[in-house]
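Below you'll find the structure, written out as structure tokens, and then a few comments.
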Amino acid sequence: MIDNKKNHSNRYLKWILVLLLVNFILLLKYLLENKNIALLNPKGFVSNEQYRLILYSVGILLAIAIPALIVLYSVAWKYRESSTKANYSPDIKHGKFFVLKLWIIPSVFIFVLAFIMIPATHKLDPRKTVESDKAPMTIQVISLRWKWLFIYPEQGIATVNYVQIPIDTPIEFQLTADEAPMSSFWIPNLGGQLYAMTSHINRLNLMAEIPGDYPGSTPEITGAGFAGMRFTVRASSDQEFESWVDEVKRMPDSLAMSEYEELIKPSENNKMAFYSAYEDKLYETVIAKYISLGGHTH
Amino acid sequence: MKEMLLGKLDWHALPHEWFTIGGSIAFIAMGLMIVVILTWTKRWKWLWNEWLTSVDPKRIGIMYFIVGGFMLLRGGLDAIMIWLQQALSSGNSHGYLSADHFQQIFTAHGNIMVFFVAMAFIFGLINYIVPLQIGARDLASPFLNTLGFWLFVAGVIMVNMFFLLGGEYAATGWLAVAPLSGKEFSPGVGVDYWIWSLQVSGIGTTLGAINFIMTILKMRAPGMSLKKMPLFTWGSLCSMVMAATVFPLLTATLFLVFFDRFLGTHFFTTIGGGSPMLYTNLIWMWGHPEVYILMLPAFGIFSEVVSTFSRKPIASYMSAVLGMIGVSTLALLVWLHHFFTMGAGVNVNAFFGLMTMLIAIPTSVLVFNWTATMYKGRIKFETPMLWFLGFIAVFAIGGITGVMLAVPPADFQLHNSLFLVAHFHSTVIGGVLFGIFCGISYWFPKITGIKLNERIGKSAFWCWIIGFCLSFIPMYILGLMGASRRLDHYDSSTGWQPFYVIMLLGGLVIAAGVTLQIAQIIASFIQKKRLQDTTGDPWDGRTLEWSTLSPPPFYNFSIIPKVKTADAFWEMKKHDIEKQKFEDIHMPKNTATGIYISIFAFFAGFAFVWEIIWLAVLSIFGIIIVSIVRTFNEHTEYTLTAVEVQEIEEARHKKQIKISEKVSEFRDDYEMGVWDLIVYLYRFFLSFIRTKRWRTW
Ligand code: HEM
Ligand SMILES: [Cu+2]
């Protein structure tokens with residue numbers, strides 16, 4: 001009777017394990033095949049590097065975690081009370097090197113990871129211009145409540161909630177904010193985020209490699225309109241970019257100081273806007289504003 | 001004139017939206033019900049004398065559990081509301097909550113779960129178990145302990161107060177990031193409620209921590225050197241040392257936020273020389289250690305449980321202790337990993353990334369140590385052990401993703417995404433909450449004298465595991481898809497909605513688990529006779545708490561045990577204990593001072609929220625005067641003579657024998673399942689009404 005029940009639970013366990021394994025494989029398959037998973041389908045140089053780092057670190061960590069978990073659960077199962085095969089010896093002395101092993105095994109894995117992490121941190125310094133044959137381009141970004149203003153100092157145009165960039169050209173986004181709480185500038189397909197805050201310029205260097213439209217947002221909470229504070233990035237060829245710039249230059253609106261004063265008033269779910277010109281030194285004025293108010297730059 | 005009397009308070013502060021009205025009604029109804037029941041059963045005096053003014057850490061521990069339990073339901077309801085909104089709010093649909101209200105809910109959810117659930121249970125367990133484990137009769141300062149508890153209660157009331165007055169809580173996220181939490185961007189009283197609920201309860205935590213450090217260092221039984229201290233006590237010591245280190249920092253930071261909002265200073269504002277980045281640093285210098293303050297006692301609990309249920313001493317005691325000390329030391333040096341993305345230099349980022357990764361080493365040592373402890377043991381799979389096994393799987397996921405987040409460039413992509421949210425829920429649910437459940441099911445027989453129902457307990461466990469997977473695996477995937485945290489609305493083109501729906505379903509499965517846990521407790525009390533623990537040692541325990549009766553007498557031990565090894569009680573059971581003579585016992589007297597001070601502290605906080613100056617001044621004076629009066633009271637202890645102890649012990653002994661005789665008949669009874677419970681309650685209810693038993697109740 002009792003034996004019967006035990007066999008039963010044994011079989012039960014096997015099915016659970018099989019089920020788990022199948023699910024795990026299905027999950028992996030899903031993750032690898034689904035093109036909708038932005039971080040696993042990088043479209044730019046930086047996001048590609050970051051993707052590889054994510055893979056390496058998962059790999060190294062699973063290499064220690066999976067065996068460790070298998071050992072833990074098999075030991076737990078093997079030495080269960082109802083098992084007749086396992087022998088119970090509470091006074092067992094662990095070998096001389098037991099404690100040493102306890103500490104050294106995880107250390108090895110963590111140090112391997114650290115050896116990857118430290119150079120990668122230097123290589124992927126967001127302030128560093130991405131290497132490319134083409135000359136880098138600067139875009140100034142002002143985070144407002146609740147929209148993003150993009151200023152193209154080299155092209156002389158400005159946009160709201162939309163930014164177009166040429167592929168294979170290193171872009172430096174210079175992030176700041178005006179009359180807005182700290183926000184974060186993130187384009188999952190192109191690469192990781194950095195905070196945008198008043199009286200401060202944070203430089204985020206990215207480079208798109210594959211043309212397409214990519215969503216951007218602030219993952220840092222900024223108040224009521226935060227979820228609608230989204231923008232679109234269009235990565236296109238040089239020619240398309242040039243013709244887009246020309247098109248914007250012919251747009252009727254321009255961003256003089258008076259319009260800017262209007263723009264920085266809080267508003268939610270803003271549409272895209274395009275300005276053929278903007279107030280001279282707008283970005284510098286915004287930064288200076290906070291310094292004159294006693295803020296400090298770094 | 002009105003301004004002077006009532007500050008900013010006016011008619012608009014009264015509840016007028018559905019959620020504040022609903023919340024107010026719920027709270028008032030609950031309060032009224034308690035008042036009615038207490039009056040009906042004439043229990044007011046009993047409640048005041050035996051419980052509210054008690055300085056017995058066991059009673060205070062139980063009160064922590066009760067408050068924490070209610071707050072778990074409250075925070076859980078918030079969680080379901082958050083997920084319901086997110087499951088609905090895709091594309092053209094905007095769900096059923098405004099953005100502002102949604103943001104208040106997740107802020108309250110975070111605060112309540114961390115401060116008023118996890119902290120409550122951890123402090124409850126420390127209160128109940130640590131004195132027993134170290135063979136002490138009371139605490140170094142029982143008064144500080146009650147004061148800490150009542151300040152915590154004041155914080156709980158403050159965090160729920162906005163339902164009744166003000167109608168808004170902070171909408172800033174649980175750490176009220178600057179400058180969003182400044183007056184400029186959050187003009188309402190929500191952030192003020194946030195400040196004062198954390199301020200009042202945080203000061204309570206500091207006091208409690210100091211008390212427990214002193215207790216553990218000074219009041220151990222003879223022979224118990226630090227190297228022979230039970231591991232839960234070690235975990236608690238590490239945790240309390242961290243708390244005493246970082247909570248004062250929280251207090252100071254909160255004062256600065258308060259100054260910014262109340263006096264118009266510029267510590268963290270965007271203008272006037274303020275630095276929001278300074279706030280981010282300060283709050284995380286406290287915030288990261290805080291999560292480990294919760295985790296270390298849980299590590300201790302698992303160490304005890306693995307060793308007891310494997311019937312083996314921990315494989316390497318020194319490694320376990322050093323592991324916990326290592327974790328708590330490193331945890332003080334990693335706060336910057338919460339904002340790699342603020343733009344610090346690469347070397348700073350790399351340093352903090354490295355420090356964070358190093359934490360994984362002592363953590364893994366603990367896990368390997370538990371494995372080695374089970375090796376060649378004889379493992380009983382009862383619910384505490386199940387929680388341990390569940391913890392390992394879930395916490396492993398949390399640890400792996402934590403180390404991934406510690407790689408700065410990877411964190412640039414994962415920071416503030418749902419991946420991060422899934423990471424910390426893996427650690428907080430898998431580590432802290434499962435640890436608490438493990439500890440409660442392990443020590444429940446000690447606390448109540450009744451073992452918990454295993455059948456329902458196991459179903460509850462599986463609901464938690466399945467619910468967790470359903471909720472958080474989709475959350476990891478959403479994070480990888482680029483979904484950021486705290487969204488009250490998203491575009492339908494993202495394709496995220498199905499995942500949010502699955503998350504909501506998972507949340508409901510977890511809610512079923514919580515319901516089952518409540519059912520489990522009820523069923524255990526119904527089958528009390530069957531589950532009674534008459535020995536005081538239901539699991540064949542190893543540490544001193546099992547050497548006394550269940551529940552222990554109010555003085556814990558009639559004779560203070562002498563300790564020879566780390567598994568003191570295990571050793572004692574092997575050798576016959578010689579009978580010793582009873583002696584006089586000094587016990588602390590009950591006191592209501594902690595309650596009075598907390599009432600004043602509550603009103604001080606409340607007054608600052610609404611800028612009612614006279615009330616604030618009055619309350620602060622109240623605190624000072626009550627404290628001064630207390631210091632002049634020299635009769636805070638009384639003596640229980642040896643004869644009285646003997647009488648109590650003998651009476652208890654007789655009772656115990658009687659119970660054991662009665663109980664043996666019930667031992668083989670059938671253990672209730674959920675369905676049996678429902679049938680039982682239904683019948684009970686019917687007979688209750690038919691026989692009009694409520695009249696004589
Ligand atoms: C091996 C252990 C762990 C590592 C390496 C680790 C690492 C990290 C990192 C790097 C972050 C910041 C991510 C970001 O904001 O981008 C983080 C966030 C967090 N972790 Fe962990 N963690 C570990 C264990 C824990 C434990 C044990 C807890 C709680 C008991 C915990 C709770 C949290 C919380 C609450 C947050 C997020 C807070 C917020 O942003 O609101 N972590 N963790
Ligand atoms: Cu942290």
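Here is the naming used below: chain letters follow the sequence lines, and residue numbers restart at 1 for every chain. It should be emphasised that the depicted structure is a prediction, and the values quoted were computed from it without experimental measurement.
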Name the one of A:Asp125, A:Leu124, A:Ile54 that satisfies side chain to side chain contact (heavy atoms under 4.5 Å, CB included) with B:Pro409?
A:Leu124
Contact class of B:Thr172 relative to chain A, heavy atoms under 4.5 angstrom:
backbone
Can you give the donor-acceptor pairs under 3.5 Å from side chains of residues 31-39 of chain A to other protein atoms, not counting sequence neighbours?
from    : atom 1 : to       : atom 2 : distance (Å)
A:Asn34 : OD1    : A:Asn36  : N      : 2.6
A:Asn34 : ND2    : A:Tyr30  : OH     : 2.9
A:Asn36 : ND2    : B:Thr494 : O      : 3.2

Indicate yes or no for a side-chain donor-acceptor contact from A:Glu81 to the backbone of B:Phe381 under 3.5 Å, with no hydrogens or angles considered.
no
Contact class of B:Ala320 relative to chain A, heavy atoms under 4.5 angstrom
neither
Per the ring-ring contact (aromatic ring centres under 6.0 Å, His included) rule, which among A:Trp186, A:Tyr195, A:Phe185 passes with B:His415?
A:Tyr195
At a heavy-atom separation under 4.5 Å, does B:Leu478 approach chain A through its side chain, its backbone, both, or neither?
neither
Under 4.5 Å to a heavy atom of chain A? For B:Ala396 that would be side chain
Portion of B:Tyr476 that has a non-hydrogen atom of chain A nearer than 4.5 angstrom
neither
Counting only heavy atoms closer than 4.5 Å, note whether B:Thr280 contacts chain A via side chain, backbone, both or neither.
side chain
At a heavy-atom separation under 4.5 Å, does B:Val177 approach chain A through its side chain, its backbone, both, or neither?
side chain
For B:Val306, which atoms come within 4.5 Å of any heavy atom of chain A: side chain, backbone, both, or neither?
neither
Proximal component of B:Ala393, with respect to chain A [non-hydrogen, under 4.5 Å]:
both
